[in-house]
Amino acid sequence: MAGRKKSKRKNAFVEVLRLLVMAIAVAVLLYSAWQLYSIYHGYHAAGEEYEKLAEEFTKPGGSEPEVKEPAGTGSGEIPEHSGSTAAVAEEERGLIEDAKPPLTVDWNALKAVNSEIIGWLYVDAQPSISYPICQGTDNDYYLHRTFRREEIFAGAIFADCMNSPDFSDPNTIVYGHNMKNGSMFGMLKFLRDQQAYDAAPYFWILTPDGNYRYHIYAVMNTPLDSEVYTFFDGRGETFLDWEKRMQAASDVANDVPLSENDYTVTLSTCTSDSSYRCVVMGKLVSTDHPGK
């Protein structure tokens, strides 16, 4: 009798354990399903939101860049340049590469949506990368909030909180998620292909104060602690040496001329390796300059 009781107790314990394991498995399955649904819903919602934004606040094409007479011509007066010695220095070196902006942005309407939108990014080689750029007081707020400040996993494209909002710093860093559906900065990694780079080595940042065109001089995967993420107090030889190191480390070959007076913008996103980031770095080559 005692043996039977022990056997029954053992069987009951096994049954309870089996049910417990099944319950845990079902819970894990339901949780995973919910996570997948949340991610899918976030992707879908973000895609719809940004698509509607582009339709509502931008239109294709922009005004032709203003053509200025070089100093000492025409009436003999020195014309007004874009407002900085950097602009003059680059123009004298023949580094200006003006072009017609790809988009026109309705800044009054866009700023009414969110006053923390500071620019609009457009990548020539990947036209799907066409998003407003936000900037918060920290680098966490827009990680999972859209340009409308709504909580969605995809978040927003945003500039580092340490940078000036007018893109006037030597190195301005702009972040975005590497979404699996290709949205946000999900397509940025394809610029590491030499052929894709050669076909269209430019991106744009459109702002209320001017339309800035950037010639890409470095594309690569880089460690989290890379010197790519360097902020500079000013321009000069140290900054130029840094630019040259970035260009030398690039996965795409190029001979983009660099200068101590450059304005660099670094686009950054995560990779499948959490220890590395994919970055695309470009220097300003338009007549329009920040702070003019």
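Computed from a predicted model, the values in this text were never measured in an experiment.
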Output a table of donor-acceptor pairs, distance under 3.5 Å, between side-chain atoms of residues 198-205 and any protein atom two or more places apart or on a different chain; print 'none' if there are none.
| residue | atom | partner | partner atom | Å |
| --- | --- | --- | --- | --- |
| D198 | OD1 | Q194 | NE2 | 3.0 |
| Y202 | OH | E97 | OE1 | 2.3 |

Is a side-chain donor or acceptor of D193 paired with a backbone partner of F190 at a separation under 3.5 angstrom? no

How far apart are the closest heavy atoms of P132 and F147, and which atoms are they? CG-CB, 4.1 Å

For E260, the salt bridge (Lys or Arg N to Asp or Glu O under 4.0 Å) test, sequence neighbours excluded, returns none

Pairing residues for E243 by the side-chain hydrogen bond (donor to acceptor under 3.5 Å, both in side chains) criterion, not counting sequence neighbours: T264

Taking every non-hydrogen atom, the tightest pair across M187 and G182: CG-O, 3.2 Å

List the atom of G186, the atom of N178, and the distance in Å for their closest heavy-atom pair. CA-OD1, 3.2 Å

Any side-chain heavy atom of Y142 sitting closer than 4.5 Å to one from I157? no

Could you check whether any side-chain heavy atom of F185 comes within less than 4.5 Å of a side-chain heavy atom of H177, counting everything from C-beta outward? no

Just verifying a value: how many Å separate R245 CZ and L240 CG, rounded to the nearest 0.5 Å? 10.0 Å

Would you kindly check if the NZ (Lys) or CZ (Arg) of R235 is within the cone defined by 45 degrees around the ring axis of F232 and under 6.0 Å from the six-membered ring centre? no

Out of curiosity, does M162 fall in the hydrophobic cluster containing I118 (side-chain heavy atoms, cut-off under 4.5 Å, transitive links)? yes

side-chain hydrogen bond (donor to acceptor under 3.5 Å, both in side chains) assessment of T58 paired with D106: CA-CA 6 Å; T58 72; D106 185 344; over 6 Å; no

Would a distance-only check, ignoring hydrogens and angles, find a side-chain to backbone donor-acceptor pair under 3.5 Å from D138 to Y141? yes

Given side chains that start at C-beta, do those of R145 and C134 come closer than 4.5 Å, heavy atoms only? no

Main-chain N/O of N139 paired with D160 side-chain donor or acceptor, under 3.5 Å: no

Tell me, with the steps shown, if S250 and M220 meet side-chain contact (heavy atoms from CB on, under 4.5 Å). CA-CA 5 Å; S250 174; M220 59 185 152; 5.6 Å; no

Taking the six-membered ring for Trp and the single ring otherwise, decide whether the centroids of F57 and W107 are under 6.0 Å apart. no

Side chain proximity check, L121 to I129, heavy atoms < 4.5 angstrom: yes

So, taking the atom named SG in C270 and the one named NZ in K189, what distance separates them when rounded to the nearest 0.5 Å? 9.0 Å

Between S286 and N211: side-chain donor-acceptor atoms closer than 3.5 Å: no

Could you report the tightest heavy-atom contact between A159 and I133, atom names first, then the distance? N-CG2, 3.8 Å

Taking T207 for the side chain and G210 for the main chain, is one N or O donor matched with an acceptor at less than 3.5 Å? yes

For D166 and S168, what are the C-alpha separation, side-chain angles and deciding distance, and is it a side-chain hydrogen bond (donor to acceptor under 3.5 Å, both in side chains)? CA-CA 5 Å; D166 62 356; S168 62; 2.6 Å; yes

What is the ring orientation for Y212 with Y214, classed by angle as parallel under 30°, tilted 30 to 60°, or perpendicular over 60°? perpendicular

Residues pairing under side chain to side chain donor-acceptor pair (under 3.5 Å) where one sits in residues 268-280, two or more places apart or in two chains, turn out to be Y229-S268

Is it true that, when you exclude K244 itself, more than 12 heavy atoms of the residues, nucleotides or ligands shown sit nearer than 6.0 Å to its NZ? no

For E237, the salt bridge (Lys or Arg N to Asp or Glu O under 4.0 Å) test, sequence neighbours excluded, returns none

Answer yes or no: is there a side-chain heavy-atom contact under 4.5 Å between I216 and L191? yes

W242 to V228 - nearest heavy-atom pair and separation: CZ2-O, 3.4 Å

Do any N or O atoms from the side chain of K283 and from the backbone of P257 form a donor-acceptor pair under 3.5 angstrom? yes

Regarding N181 and S183, is there a side-chain donor-to-acceptor distance under 3.5 Å anywhere? yes

What are the two closest heavy atoms between V256 and Q247, and how far apart are they? O-NE2, 3.0 Å

Could you walk me through whether N114 and R148 pass side-chain contact (heavy atoms from CB on, under 4.5 Å), step by step? CA-CA 6 Å; N114 184 351; R148 294 187 192 275; over 6 Å; no

When the aromatic ring centroids of Y263 and H289 are compared, is their separation below 6.0 Å? yes

Looking only at the side chains, is there a donor atom on one of W120 and S130 sitting less than 3.5 Å from an acceptor on the other? yes

CA sep, side-chain torsions, deciding dist, call: M246, T222, side-chain contact (heavy atoms from CB on, under 4.5 Å): CA-CA 10 Å; M246 300 303 99; T222 192; over 6 Å; no

Decide yes or no for F231 and D169: does some side-chain heavy atom of the first lie under 4.5 Å from some side-chain heavy atom of the second? no

Could you work out, with salt bridge (Lys or Arg N to Asp or Glu O under 4.0 Å) as the rule, every residue matching E116, not counting sequence neighbours? R149

Do the non-hydrogen side-chain atoms of L267 and V279 ever get within less than 4.5 Å of each other? no

Are any of the side-chain heavy atoms of D262 and L284 separated by less than 4.5 Å? no

We want to know whether N163 and Q135 form a side-chain donor-acceptor pair, criterion being a heavy-atom distance below 3.5 angstrom. no

